[in-house]
Amino acid sequence: MMKTERQESWKIQVPFHLDYCLNCGQVFRWKKLGNHWFGFIEGHLYRIEYEESSQTIRALRISGDTGRTGADSEGESRRRIERYFGLYDSLSAIRESILTNLREKGYNWFVGKFDDIFSKSLGLRILRQDVWEVAVSFLLSSQTNIPALERKLDALCRLFPQNEVRYEGESYYRFPKRESLATLCEEDFKRLGFGYRSAWLCEMVRRFRESDFRSIRTETYDRQLSFLLSFPGVGYKVAHCILLFGYSVMRAFPVDIWISRWIKEVFHVEGAPDRLTSWGQNVFGEYSGYAQEYIFNVYRNLGSDGGEI
DNA sequence: GCCCAGGGGTAGT
DNA sequence: ACTACCCATGGG
């Protein structure tokens, strides 16, 4: 492939925290070397860094998509990256929406506490990821901690050397398309250590149709949810991860073991994921997905003990 | 060995 | 609707 590297850097005017965005359990295949993050956006391998003091993003586009020719026009990487990292989301408006909803629902005692959580994770943004990769990633996330999930996805990607991009002695892999995974069988997945999730993945590969996943974007929330729940291995938690991270449905509220614990500790509310999802959407409002990610990042990643939040 | 992990499916109440 | 139990695997 012809090398078509291009560097762009620019100053942004909104809060942004690159590490939080890439290290909060919404995406699993970005790698950090020094201050640089390496990963794919729309099939292009990028090296990205963010300098907090000058609010500057520096992005090196290392390789173009396969089948594409020629270099991007000036500013194409910038638009692509700003979209991918959700820089068009107004965090101040999202914060106001959540705080207002908390007051309206009678949780005044929690308003200041949520504001603390929001400040601690400020700059975390919901990414605009590829739906197929999100769907496969979270299908495999069942009963799997994040490091183990990263290893699973890495092993899966390494089965397809045609997707490899080499840069400075390291190898990076584009996520395999459905057609590529369709050449594998359940036994192949089991050999990768996917266990009982292997059959689910086979079925998702078989039933996934690009057109279905595209047309569902414009459907109502209820129809989107029932469509995703129709896949074996996709329950409420995984479906809401796909809605939030793949479809940018900001009121999606995934309830995993951590969020479940946190709700119990802070609000003394318990229940199955579907019930706690409804609870979270009611308490946090139309941006409950953002609230969930900020809570997850503070509670799970930043190590604050739940009792102090 | 034991416990846990960004859960889901199923059978029994 | 709620609960109990099982499901494979890897890491601490």
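No experiment lies behind these values; they were computed from the predicted model shown. Just so we're on the same page: letters track the sequence lines, and every chain starts at 1.
Residue contacts shown for A:Gly25 include a base, since a base heavy atom lies under 4.0 Å away. Looking at heavy-atom distances under 4.0 Å, A:Pro232 makes contact with sugar-phosphate atoms alone, never a base. Residue A:Ile146 is classed as a base contact, given a heavy-atom separation below 4.0 Å to a base.
C:dG10 atom P lies 14 Å from atom CG of A:Leu140, rounded to whole Å. Spacing between atom CD1 of A:Ile263 and atom P of B:dG6 amounts to 17 Å, rounded to whole angstrom units. One interatomic measurement links the two molecules: CG of A:Asp256 to P of B:dC4, which rounds to 16 Å at whole-angstrom precision. Atom pair A:Phe253:CZ and B:dG7:C1' shows a separation of 16 Å (rounding to whole Å applied). With rounding to whole Å, A:Glu150 atom CD is found 10 Å from B:dG6 atom P. When the P atom of B:dG6 is taken as reference, atom CD of A:Glu293 falls 13 Å away, rounded to whole Å. If you take NZ of A:Lys190 and C1' of C:dG10, they are 17 Å apart, rounded to a whole angstrom. The distance between atom OH of A:Tyr236 and atom P of B:dG9, rounded to the nearest whole Å, is 12 Å.
When the shell of 6.0 Å around CZ of A:Arg217 is examined, it contains more than 12 heavy atoms from other residues, nucleotides or ligands. Other residues, nucleotides and ligands place more than 12 heavy atoms under 6.0 Å from the CG atom of A:Asn282. The number of heavy-atom neighbours closer than 6.0 Å to NZ of A:Lys264, taken from other residues, nucleotides and ligands shown, is 12 or below.
Applying the 4.0 Å criterion to OP1 and OP2 of B:dA5, one finds that A:Arg261 has a side-chain N or O inside that range. Contact annotation: A:Arg275 side-chain N/O to C:dA1 OP1/OP2 distance is not under 4.0 Å.
A distance of about 22 Å separates the C1' atoms of C:dG10 and B:dG9, rounded to the whole Å. For the P atoms, the distance from B:dG6 to C:dC6 is 23 Å, rounded to whole Å. Taking atom P in both C:dC5 and B:dC4, the straight-line distance is 16 Å, to the nearest Å. The separation of B:dG8 from C:dG11, taken at their C1' atoms, amounts to 22 Å, rounded to a whole angstrom.
Residues A:Ser54 and A:Glu51 have side chains that bring a donor and an acceptor to within less than 3.5 angstrom of each other. Side-chain atoms of A:Tyr46 and A:Ser77 form a donor-acceptor pair, as typed in the model, at a separation below 3.5 Å.
Applying the 3.5 Å distance criterion, the base of B:dG6 shares no donor-acceptor pair with the side chain of A:Ser141. Below the 3.5 angstrom threshold, one finds a donor paired with an acceptor across the side chain of A:Tyr196 and the base of B:dG7.
If you look at A:Phe245 and A:Phe138, their ring centroids are closer than 6.0 Å.
Across C:dG11, C:dA8, B:dG6, the shortest atom-to-atom separation from the side chain of A:Arg151 is found for C:dG11. Of the candidate nucleotides B:dG8, B:dG6, B:dA5, B:dA5 has the atom nearest to the side chain of A:Gln143.
With a cut-off of 3.5 Å on both pairing distances, the Watson-Crick or G-U wobble partner of C:dC2 is B:dG12. In this entry C:dG11 has B:dC3 as its Watson-Crick or G-U wobble partner, both defining distances falling under 3.5 Å.
Nearer the 5' end of DNA chain B, as judged by each residue's closest nucleotide, is the contact made by A:Thr144, out of A:Thr144 and A:Leu229.
An aromatic stack links A:Phe296 and the base of B:dG6, using centre distance under 5.5 Å and interplanar angle under 30°.
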